[in-house]
Amino acid sequence: IGWVIWPRQRPNLVGGGLAAPGFSSFPSGHTAKSLAVYGVLAYLWARTTSSWVERVIVSVLAVAIGLLAGVGRLRMGAHWPSDIAGGMAFGIVMWVVLVVALFRAGQVTKRSVE
């Protein structure tokens with residue numbers, strides 16, 4: 001959606017744009033997907049464990065992976081910093097939607113069995 005709304009050119013700072021594909025740069029899809037996917041995995045892990053230490057560790061790892069994806073895209077010269085920030089915001093929204101969907105799907109399954 002962001003690529004259609006804001007057709008923003010990618011930076012050509014590294015190798016004359018060698019790492020920058022031809023489509024728009026806002027938001028960073030890699031960052032958004034990393035936060036959403038690893039956030040859901042962390043949620044599922046945290047939900048199954050009773051150890052608060054495990055919950056903290058898995059949450060920190062999920063956030064760190066999302067941040068590293070953004071930093072990697074910056075270092076490659078494929079995105080501007082605002083693209084990464086937009087990707088993070090979108091990734092968090094996607095994570096919330098996925099967690100709510102999983103929660104509701106679990107509730108529907110429990111009700112149908114009872």
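Closest heavy-atom contact between Pro27 and Gly86: CB-C, 3.7 Å. Closest approach of Arg73 to Ser28, counting heavy atoms only: CG-OG, 4.1 Å. What you find for Leu74 and Pro81 is that their closest heavy atoms are CD2-N, 3.6 Å. Residue Leu35 comes nearest to Met88 through the heavy atom pair CD1-CA, 3.5 Å, listed as atom of the first residue, atom of the second, then distance.
Formation of a donor-acceptor pair under 3.5 Å by the Thr48 side chain with backbone atoms of Trp45 is found in this model.
Under a hydrophobic clustering in which Ile, Leu, Val, Met, Phe, Trp and Tyr are joined whenever their side-chain heavy atoms come within less than 4.5 Å, directly or via other members, Trp95 and Val37 fall into different clusters. Neither Val93 nor Val100 shares a network with the other; the hydrophobic side chains, linked directly or stepwise wherever heavy atoms of I, L, V, M, F, W or Y lie under 4.5 Å apart, form separate groups for each. One hydrophobic cluster holds both Leu98 and Leu44 under the rule that ILVMFWY side chains link at heavy-atom gaps under 4.5 Å.
Distance check, rounded to the nearest 0.5 Å: OH of Tyr43 to CG of Leu102 gives 7.0 Å. The CG atom of Leu68 sits 14.0 Å away from the NE2 atom of His30 when rounded to the nearest 0.5 Å.
Within a 6.0 Å radius of OH in Tyr38, no more than 12 heavy atoms belonging to other residues, nucleotides or ligands are found.
Partner Val63 forms a side chain to side chain contact (heavy atoms under 4.5 Å, CB included) with one of Leu61, Leu67, Val60 and no other, that one being Leu67.
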